[in-house]
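In what follows, chains are A, B, ... by sequence order, proteins preceding strands, each numbered from 1.
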2 protein chains.
Amino acid sequence: MAAATHLDSVLGKATAILRAFGVDDHVLTLAELVRRTGLHKATTYRLCGELVELRLLDKTSGGYRLSGGLFELGMRASAERSLLELAVPFMQDLYERTHETVHLGVREGTEVMYISKLGGHRQASSPSRVGGRLPLHCTAIGKVLLAFAPTVVRRSMLSGALERRTPHTIVRPGQLSRSLADARRRGVAFEREESALGINCVAAPIAVAGQVVAALSLTGPTSRFRPEQHSP
Amino acid sequence: MAAATHLDSVLGKATAILRAFGVDDHVLTLAELVRRTGLHKATTYRLCGELVELRLLDKTSGGYRLSGGLFELGMRASAERSLLELAVPFMQDLYERTHETVHLGVREGTEVMYISKLGGHRQASSPSRVGGRLPLHCTAIGKVLLAFAPTVVRRSMLSGALERRTPHTIVRPGQLSRSLADARRRGVAFEREESALGINCVAAPIAVAGQVVAALSLTGPTSRFRPEQHSP
DNA sequence: GGGATCGTATCGCTCAGCGATACGATGCCG
DNA sequence: CGGCATCGTATCGCTGAGCGATACGATCCC
């Protein structure tokens, strides 16, 4: 989450506390929140107390956790909500046909943010998390979003350093550029162990009113998943 | 959302603004936010500006909407996240077998809060919304949660006025009490047009470590859905 | 036993936040 | 057309909400 760090206001400090919780965290102690935010202990303690009263945090015996009140607010974000309403039936269809993990994601700057993930009991161990992010260039869903993003976004990404996550990650701008051009031409993008070892993906864009607003992907383990068999 | 209204602090005011957005709202104007919160116009304007900077609100041409930053935070609420991880594969199974709408919900006081909803292209028109709430007594999922809730919760609900939502809503405490006892004995509860006309539901509890923590339900239109056919 | 760390609480200080106010733009109605 | 209502944006003097330095008891470890 790339929002500016405002530690000079109440709202900024409170937001820093809420954002100190990562996608895999459960409970954080007051001391850990202090370490992660850099706020003073007494300030953190006071704000946490108020956030608990406001049902944005829960206080448990082991520390604090993000509360259901925040889940409710998050589910009211209309852009994400509308996308889910539109996409979940299709995601369900896709899952039913393949029994592999289906993702819905949107572009946020230079990252894909996952809106939904439908896998079954035998999910491939993908690093994705609903509400989490991954760099655009190393996932199929990210690449298809990047392929159909405005030129300035692509140019910016291609001119910066591309993070390597596995030995297979595309980090050479020329190679990525060709891959994106291919994705644009075919309307589909692939990933072969570029974000994590052991998984392949195929992804396609979702357009609304002629604009690509999101993408769907299918992810499976390399042992049994052939992404080319799933493209149109 | 039954959190206390603290309008005497920055956090309280900002939370009031965020909570002014209902489950079906898209964009709200500054003036509408002022009306819904009762805050002063200049205060609302200032706080909205700051919430936008912090990516908790988005500013669009028509007004403000809850942002993706809030969606991300909401998805990090660990209790809800853990429940989703556990339940979504089973929800998918159920959807695949029935092609009717599947819900996951938890009890929040005297209401069910919906955590997830999986439906297809021909969903029955249920009033449920992810992140939304309905009274416990008039939905199958709510009744099963109430049936397995602590006695004090049941007693409290049965001693108050039960809201009527349709001509079929159970509003007589004696009738509801019998229905709940039945649900406890059978481990399943039904709804027949009690929350909305035209839909039937069947629901069952989800227990973790011997405690009922959530419930799953199946919802379909009265025209084609026989809830008894779907119970264990 | 001493030190480190934790969570909880207090209090004097001060500036962040407030709301009263102002202004230009827009829309509506007589 | 003019007056009024409403809207969104901005300013500024005032003050109390928020801050952080500090204190304390509890727990753990060496």
Side-chain angles (χ1 to χ4, degrees), chain A residues 3-22 25-67 69-70 73 76-79, chain B residues 3-22 25-67 69-70 73 76-79:
Chain A
T5 336
H6 297 64
L7 295 184
D8 52 349
S9 69
V10 176
L11 270 193
K13 290 182 170 89
T15 304
I17 290 171
L18 297 177
R19 288 199 170 120
F21 291 82
D25 290 329
H26 288 275
V27 171
L28 295 181
T29 61
L30 180 69
E32 185 60 29
L33 287 172
V34 168
R35 271 188 294 270
R36 293 191 185 190
T37 57
L39 295 170
H40 278 266
K41 188 167 54 164
T43 297
T44 309
Y45 177 74
R46 264 194 300 99
L47 288 176
C48 283
E50 200 174 354
L51 289 167
V52 167
E53 281 178 32
L54 294 168
R55 286 192 63 247
L56 297 176
L57 283 187
D58 278 336
K59 190 153 190 286
T60 70
S61 54
Y64 298 93
R65 64 184 187 186
L66 297 181
S67 77
L70 200 56
L73 280 176
R76 295 179 186 198
S78 62
Chain B
T5 338
H6 298 63
L7 294 184
D8 51 350
S9 69
V10 175
L11 270 191
K13 290 179 169 93
T15 304
I17 290 171
L18 296 177
R19 287 200 171 118
F21 290 82
D25 289 330
H26 287 275
V27 171
L28 295 181
T29 62
L30 180 70
E32 185 59 31
L33 287 171
V34 168
R35 270 189 295 271
R36 293 188 185 194
T37 57
L39 295 170
H40 278 266
K41 187 167 54 163
T43 296
T44 309
Y45 177 72
R46 266 191 301 101
L47 289 177
C48 284
E50 200 175 352
L51 290 167
V52 167
E53 281 179 31
L54 294 168
R55 285 193 64 250
L56 297 176
L57 283 187
D58 277 337
K59 190 160 193 284
T60 69
S61 54
Y64 297 95
R65 65 184 186 186
L66 297 180
S67 78
L70 201 55
L73 280 177
R76 294 176 189 201
S78 62

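Of the listed nucleotides (C:dA9, C:dG19, D:dC19), C:dA9 has the atom at the smallest distance from the side chain of A:Tyr45.
Checked by atom type and distance alone, the side chain of B:Thr43 never pairs as donor or acceptor with a backbone atom of B:Leu39 at under 3.5 Å. For A:Arg76 (side chain) and B:Phe21 (main-chain N/O), a donor-acceptor pair under 3.5 Å exists by modelled atom type. Formation of a donor-acceptor pair under 3.5 Å by the A:Lys13 side chain with backbone atoms of A:Leu7 is found in this model.
Rounded to an integer number of Å, the gap from CG of B:Leu39 to C1' of C:dG19 is 11 Å. Whole-Å rounding puts the A:Arg35 CZ to C:dT5 C1' distance at 9 Å. What separates CG of A:Leu7 from C1' of C:dA16 is a distance of 15 Å, to the nearest Å. Rounded to a whole Å, the CG atom of B:Leu30 is 19 Å from the P atom of C:dG24. Rounding to whole angstrom units, OH of residue B:Tyr64 and C1' of D:dT9 are separated by 9 Å. Look at CD on B:Glu53: it is 12 Å from P on C:dG17, rounded to the nearest Å. Between the CG atom of B:Leu33 and the P atom of D:dC7 there is a distance of 12 Å, rounded to whole Å. Rounded to whole angstrom, the span from the CD atom of B:Glu32 across to the P atom of D:dG8 amounts to 10 Å.
An OP1 or OP2 oxygen of D:dG18 is reached within less than 4.0 angstrom by no side-chain nitrogen or oxygen of A:Arg46. Side-chain N/O atoms of B:Thr43 include one lying less than 4.0 angstrom from OP1 or OP2 on C:dG19.
In this structure, A:Leu47 and B:Ala42 both approach DNA chain D, and ranking their closest nucleotides by distance from the 5' end singles out B:Ala42. Map A:Ser9 and A:Gly63 each onto its nearest nucleotide of DNA chain C; the residue landing nearer the 5' end is A:Gly63.
Between A:Tyr64 and the choices A:Leu28, A:Leu30, A:Leu51, the side chain to side chain contact (heavy atoms under 4.5 Å, CB included) rule is met once, by A:Leu30.
For C:dG7, its base sits under 3.5 Å from the side chain of A:Lys41 at one donor and acceptor pair at least.
Look at A:Arg36 and A:Glu32 and you find a salt bridge, because one of the NZ, NE, NH1 or NH2 atoms lies within 4.0 Å of a carboxylate O, short of that distance.
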